[in-house]
Amino acid sequence: MSVDKFDVIVVGGGPAGSAAAYTLAKAGVKVAVVERGERCGCKNMTGGRLYGHSLKRLIPDYEQRAPLERRITKERVSFVTRRGATSLEFSCRGLGGKQAASYSVVRAKFDDWLAREAEAQGAFYINGIRVDDLVVRNGKVCGIAAGEDSLEADVVILADGANSLLGQKLGLVKPLQPKEFAVGAKEVIRLGRGTIEERFSLSGGEGCAWMFVGEPTGGGMGGGFLYTNEDSVAVGIVATVSDVGYSGKSVAGLLDDFVSSPLIAPLIEGGELCEYSAHLVPEGGLKMMPQLYGHGVMLCGDAAAMVMNLGYVVRGMDLAIESGRLAAETYIELAARHDFRPEALRLYRKKLESSFVLREMRRHRGAPKAFASRGVFTRLPVLAEDVMKAMFTVDGVNTSGLPVKVLAAAKKYGFGQLARDMLRLLTSV
Amino acid sequence: MRIEDKLGKTRFKVREESHIRLAPGVPERRRAEKLCLACPAGLYSLDGDGRLLFSHLGCLECGTCRLLGWNRELEAWDYPVCDFGVQYRNS
Ligand SMILES: Cc1cc2nc3c(=O)[nH]c(=O)nc-3n(C[C@H](O)[C@H](O)[C@H](O)COP(=O)(O)OP(=O)(O)OC[C@H]3O[C@@H](n4cnc5c(N)ncnc54)[C@H](O)[C@@H]3O)c2cc1C
Ligand code: SF4
């Protein structure tokens with residue numbers, strides 16, 4: 001690295017970092033992105049689905065330019081027990097309309113593309129370098145250090161992801177707590193385009209997103225997911241780290257059982273595993289959100305715990321992109337005054353407050369607690385199964401009406417517990 | 001499919017030196033078992049004397065073990081230097 005001075009250094013070339021770099025470079029700001037991966041995206045994985053609204057604000061014609069896998073038009077949610085599943089399916093051609101479409105993505109392709117878009121605006125990417133430390137002088141973050149080298153800037157934007165070692169070193173991010181994180185593991189299985197469309201009843205270019213509650217995590221907190229890519233299927237689980245071991249099974253074992261379960265196995269039959277990956281997800285919501293700025297520094301995306309998991313919707317990439325853009329705008333507004341003290345950078349928080357990022361995180365702040373209730377993962381799938389069994393079993397013996405059968409199922413769950421779980425779920429999600 | 005075979009499908013740029021170092025001594029049993037279950041690459045195991053065994057080859061750099069064991073079972077955890085380590089192409 002040379003001793004050039006940049007206006008802004010961004011650590012991390014994921015969606016948050018590249019959205020910041022894109023916005024800054026477009027406004028003529030001298031910005032460098034330092035990313036440890038040889039190419040942006042090669043260190044990253046996700047479940048699979050990008051809600052496109054915030055990217056659209058950044059790059060209005062992204063749908064014509066970005067490497068998107070499939071447009072999601074089919075949603076499935078399944079409550080899974082050992083014996084089977086109760087599922088809800090919703091399909092809608094053109095779901096999300098023109099402004100709010102969502103797409104499955106593969107991060108190695110997507111992140112690399114976004115980095116190149118930022119580069120085309122004038123951002124400077126330094127790949128294959130792990131940032132070891134921040135340069136701090138008189139309490140102000142002045143740059144970054146990697147090995148023997150250092151690089152200075154007015155402001156550093158930390159977009160270094162869920163396990164933000166730099167945010168922790170700086171003291172902005174508190175030591176990570178196992179109950180606030182989930183570990184996600186997934187398999188990508190190549191099946192071919194036609195087979196996917198056949199097995200999931202999809203038309204060309206359309207895709208399916210599928211969430212699973214219950215058995216995929218052995219009743220432990222978390223869930224399973226499946227996304228269809230263009231010619232592959234991503235199947236994975238996320239398990240709350242503090243709850244690992246609840247079922248006695250390992251994370252790798254749970255995923256293995258899930259992909260070989262009767263629910264999934266026939267769908268991926270004959271496919272070829274092409275990658276196995278894992279990553280942390282910050283799931284503590286608003287409560288775990290760190291201080292978002294300091295003297296000369298702002299935190300974006302996963303580093304700032306900007307993830308929302310509502311069970312049927314998992315979002316992090318759209319929040320990452322929006323927060324990156326807003327951090328960049330904050331810098332652009334403050335640059336003329338050259339004031340990057342915390343009092344000035346508070347503007348970043350204000351921008352987040354009036355954006356969907358903090359508004360929605362606030363609205364759903366109860367979700368982490370609702371999902372910390374065991375009943376959702378153990379009893380709810382069984383309740384759904386009992387109700388469905390009551391509806392669809394005809395034996396000439398049990399002659400009571402459906403309401404009685406439903407009540408019996410609810411009693412098994414526990415009326416009080418059921419009411420509490422439902423209330424928490426409904427008010428938070 | 002065994003986890004070793006699954007990891008064989010993922011590409012790595014291997015560095016001999018580990019970016020994760022175990023603390024010496026015998027860990028608390030329950031905590032050690034949790035590390036073994038949680039690592040999605042299955043890189044932790046326990047030997048007959050209740051000591052942790054670990055190999056960094058196949059590490060997906062997820063940080064789960066750091067979250068569980070930093071400053072106790074683990075005495076060092078960092079991302080691999082430069083661009084070493086996992087190289088995803090399809091995730
Ligand atoms: C299993 C799973 C499923 C998910 N499903 C979804 C989903 O369906 N939809 C959705 O919207 N979100 C989903 N998410 C969340 C989403 O993936 C994240 O919110 C998003 O990737 C955050 O982007 P980011 O730019 O903040 O961080 P990241 O994408 O993690 O980027 C951080 C970057 O910083 C780099 N870096 C880190 N430390 C250093 C350092 N010291 N020096 C240099 N570079 C460094 C990394 O290499 C990386 O490129 C999921 C996450 C997981 C794990
Ligand atoms: S970082 Fe993740 S994959 Fe690597 S050893 Fe720790 S838990 Fe296992």
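Letters A, B, ... mirror the listed sequences (proteins, then strands); counts begin at 1. Quick caveat: nothing in here was measured; it's all calculated off a predicted structure.
- Among the candidates B/Pro80, B/Gly42, B/Gly8, B/Ala41, the residue making the largest number of heavy-atom pairs closer than 4.5 Å to chain A is B/Pro80.
- Taking chain B as the reference chain and counting heavy-atom pairs below 4.5 Å, the highest number among A/Ala252, A/Cys42, A/Gly37 is found for A/Cys42.
- Side-chain contact between B/Val81 and A/Arg36 is absent, with no heavy atoms from C-beta onward closer than 4.5 Å.
- With chain A as partner, the option from B/Thr10, B/Leu60, B/Asn90 having the largest number of non-hydrogen pairs under 4.5 angstrom is B/Asn90.
- Of all the heavy atoms in A/Asp243 and B/Lys34, the pair that sits closest is N-NZ, 4.0 Å.
- For A/Asn44, the part sitting under 4.5 Å from any heavy atom of chain B is the backbone (N, CA, C, O) and nothing else.
- For the pair A/Arg130 and B/Tyr79, the cation-pi criterion (under 6.0 Å, within 45° of the ring axis) is not fulfilled.
- Under the 4.5 Å side-chain criterion, counting only non-hydrogen atoms from C-beta, A/Leu176 is not in contact with B/Trp70.
- The distance from atom CG of A/Leu280 to atom CZ of B/Arg66, rounded to the nearest 0.5 Å, is 10.0 Å.
- Using a cutoff of 4.0 Å between basic side-chain nitrogens and carboxylate oxygens, B/Arg2 and A/Asp256 are not scored as salt-bridged.
- Chain B forms more heavy-atom pairs under 4.5 Å with one residue of A/Arg190, A/Lys109, A/His279, A/Glu187 than with any other, namely A/Glu187.
- The distance from the CG atom of B/Asp83 to the NZ atom of A/Lys43 is 7.0 Å, given to the nearest 0.5 Å.
- Applying the 6.0 Å contact sphere to CD of A/Glu269 captures no more than 12 heavy atoms from other residues, nucleotides or ligands.
- A distance of 9.0 Å separates CG of B/Leu67 from CD of A/Glu180, quoted to the nearest 0.5 Å.
- The local environment of CZ in B/Arg15 is crowded, with over 12 non-hydrogen atoms from other residues, nucleotides or ligands closer than 6.0 Å.
- Taking all atoms of both residues into account, the shortest heavy-atom contact from B/Gly63 to A/Asn163 is CA-ND2, 3.8 Å.
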Residue pair A/Leu165, B/Trp77: steps toward the side chain to side chain contact (heavy atoms under 4.5 Å, CB included) verdict: CA-CA 10 Å; A/Leu165 298 186; B/Trp77 194 105; 4.0 Å; yes
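- Heavy-atom distances place both the backbone and the side chain of A/Ala278 under 4.5 Å from chain B.
- Summarising the local packing, NZ of A/Lys287 is surrounded by 12 or fewer heavy atoms from other residues, nucleotides or ligands at distances under 6.0 Å.
- A/Tyr276 contributes atom OH, which lies 3.5 Å from atom CD1 of B/Ile3 (distance to the nearest 0.5 angstrom).
- Ranked by heavy-atom pairs shorter than 4.5 Å toward chain A, the options B/Asn71, B/Leu37, B/Asp5 are led by B/Leu37.
- Side chains of B/Ser91 and A/Glu275: a donor-acceptor N/O pair is present below 3.5 angstrom, by distance only.
- The heavy-atom pair separating B/Lys9 from A/Leu273 by the smallest distance is CD-O, 3.3 Å.
- More than 12 heavy atoms of other residues, nucleotides or ligands lie within 6.0 Å of CZ in B/Phe54, so this atom counts as buried by the packing criterion.
- For A/Val188, the part lying under 4.5 angstrom from a heavy atom of chain B is the side chain only.
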